[in-house]
Amino acid sequence: MTHRFDFLVLGSGIAGLSYALRVAEHGTVGIVTKKESVESNTNYAQGGIAAVMSDADSYEQHIQDTLDAGAGLCDRDAVEVVVREGPQRVRELMEIGARFTREQGALHLGREGGHSVNRIVHAADTTGHEVERALLAAVREHPNISVFDYHFAVELITEHHLGQHVTRLRPDIHCYGAYVLDEVNDVVRTFLAKVTLLATGGSGRVYLHTTNPAIATGDGLAMAYRAKARIANMEFVQFHPTSLFHPDADSFLISEAVRGEGAILKNLSGERFMPQYDKRAELAPRDIVARAIDDQLKHRGEPHVWLDISHVDRSHVLEHFPHIHATCLTFGIDITTDPIPVVPAAHYQCGGVQTDLEGRTSLAGLFSCGEVACTGLHGANRLASNSLLEALVFGHRATQPSIDYARGVEWRTDVPDWDDSGTSRPQEWVLISHNRDELRRVMWDYVGIVRSSLRLERAARRTRLLYEETEDFYRRSRVSPELCELRNMIAVAYLIIQSASMRHESRGLHYIVDYPESVEEERRATLV
Ligand code: FAD
Ligand code: SIN
């Protein structure tokens, strides 16, 4: 069965949903999402959305904070548009029903690392859940939008599927939609589209320890790479400094906003250590705090550090962090009286599918926004709470060029059905699960917070083997979400390792012991 939409949206997080609502005024929209629509990184966002919403703040300050965090690699134009257009996009979110925390009638603005003033709009400590709720409610009411839950995008359709030879050097590759696995009926369907938006989010699951939910396997990035789209800056993986250290917690995030409200980091001897690493102490940008914790753990041989907010008024803590408080209690930790054991975990992909300022990728008909995209905003390190903002702004900026593009094209009529002849249902599931576990461990041990050329070489050798085994298995097997995810994670790992190996300096999130300094000649995007 073939579906036809004017606009095909891959992903139902903040980027996909906010874009869908806008283009739906101009045509039919199909949203494809691999689990329930709510399941996304967006849904787990805690801290909030950074935006200039008070007289005590200014665009110039937000721009400067973003540039400072980005360590010389931000695209200034991208920073300008996101900061200047962001507040209006946040107000539009409120107009469709998102409710944010207020104090005496005004928005309560939180503080996070790297921000020079309080500017984080939030809904207590479950901002993403509130944003996702409001967007999904609006999407479900829209007559032009169809949502396909449990539909897994497998490949983008390009000239390659029309039998043409496509290389990365070819300038005129088009995207005509996607092949999508209907997980319930176990059949791959063709979704034809005039415009396709890639909004499949990040890839934190490539690492053993991550704050990201299970969906974050980098599928969109890998599909775009295979379709020969240009990919940028994949070496810049952000590690969040404070995820809960507990065997059953699956890297539950302890928001940076907790430090914004006064929490202090201590080693297991109870000594506060951040002031010796940076004058902004606990509110230094994330790369600095994560590396400081890593340094403490390695030098002291300890499994975690403490994050302590027990000195802050109990009612204040309960009011601002009800979700974190309740979740920690289930692990026997009362954050109003006890310090919280924390470690860093992979959190955010700063690089991605390269776009221009209107969300266009290097493939005609393919737009991208949200975490899967690299717009130039984050440079070498993302400023806290700038990603929900970026998704909103680019979800809006990509709208008009998408509408214009759709007006000038028709659906392809010559796209063949998915061909799975010669394949069979995989029997050896252990091959998938073992390779997945091995990949995640290799990435954690060899391509983590602190890197070295030797470790990158080892990681490259190991992932090459995993790639060969998995491709061989894939050629013989019917597609399944598990197999596709493994294949995609290996592609993402390759891109991270490759990009990290190409950068002969340390900058922002990429710290490599062989090249510990930043070098002016290396101050450019890494393109693959
Ligand atoms: P997502 O919200 O991740 O959505 C991606 C969608 O694509 C999902 O619906 C997924 O199921 C779907 N998908 C993926 N692959 C496929 C496929 N093959 N086929 C079909 N569908 C697919 N940022 C902030 O700015 N502020 C915060 O406070 C904040 N807190 C965070 C807390 C946590 C715990 C985490 C993990 C992240 C946080 N972030 C925060 C980052 C931010 O949440 C994400 O960058 C942002 O939500 C990404 O939005 P997105 O729409 O691009 O992707
Ligand atoms: C957090 O709440 O600490 C996460 C904020 C972010 O990732 O921007």
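What you see is a predicted model, and the numbers here were worked out from it, not measured in a lab. Below, each value reflects all heavy atoms present in this structure, side chains not excepted, and no hydrogens, waters or symmetry copies. For ligands, and for the atoms within them, numbers begin at 1 and follow the listed sequence. Count residues from 1 along the sequence.
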Quick look: A391 vs ligand 1, heavy-atom contacts under 4.0 Å, and the answer is neither
Which one of E256, R286, Q46, E112 has a non-hydrogen atom at the shortest distance from atom 6 (C) of ligand 2?
R286
Examine S385 against ligand 2 and note whether any of their N/O atoms are separated by less than 3.5 Å.
yes
Below 3.5 angstrom, do we get any N/O pair linking S37 and ligand 1?
no
How does E371 reach ligand 1, if at all, at less than 4.0 Å between non-hydrogen atoms: by side chain, backbone, both, or neither?
both
For I309 and A263, work out which heavy atoms get closest and say how close.
CB-CB, 3.8 Å
Regarding ligand 2, does G47 bring an N or O atom to under 3.5 Å of one of the ligand's N or O atoms?
yes
Using a 4.0 Å cut-off to any heavy atom of A384, which atoms of ligand 2 qualify?
8 (O)
Between N435 and R487, is any side-chain donor less than 3.5 angstrom from a side-chain acceptor?
no
Ligand 1-proximal atoms of A50, by part, heavy-atom distance under 4.0 Å:
neither
What I want to know is whether L388 and ligand 1 share at least one N or O pair that is separated by under 3.5 angstrom.
yes
Heteroatom distance test (G370, ligand 1): nitrogen or oxygen, under 3.5 angstrom
no
Which atoms of ligand 2 have any heavy atom of H240 under 4.0 Å away?
1 (C), 3 (O), 4 (C)
Any nitrogen or oxygen of G47, side chain or backbone, less than 3.5 Å from one on ligand 1?
yes
Does a salt bridge link R436 with E485, judged by any charged N lying under 4.0 Å from a carboxylate O?
yes
Should the heavy atoms of other residues, nucleotides or ligands under 6.0 Å from NE2 of H3 be counted, would the total exceed 12?
yes
Tell me whether G48 has any N or O atom under 3.5 angstrom from an N or O of ligand 1.
yes
Ignoring hydrogens and angles, state whether a donor on the side chain of H325 or D125 is under 3.5 Å from an acceptor on the partner side chain.
no
H347 and T211 side chains, donor-acceptor separation under 3.5 Å
yes
Do E390 and R382 sit within salt-bridge range, that is, some charged N less than 4.0 Å from a carboxylate O?
no
Looking only at protein heavy atoms, which one is nearest to atom 3 (O) of ligand 1, and what is the separation?
N41 N, 3.0 Å
Using 4.0 Å as the upper bound for N to carboxylate O, is an ion pair formed by E183 and K35?
yes
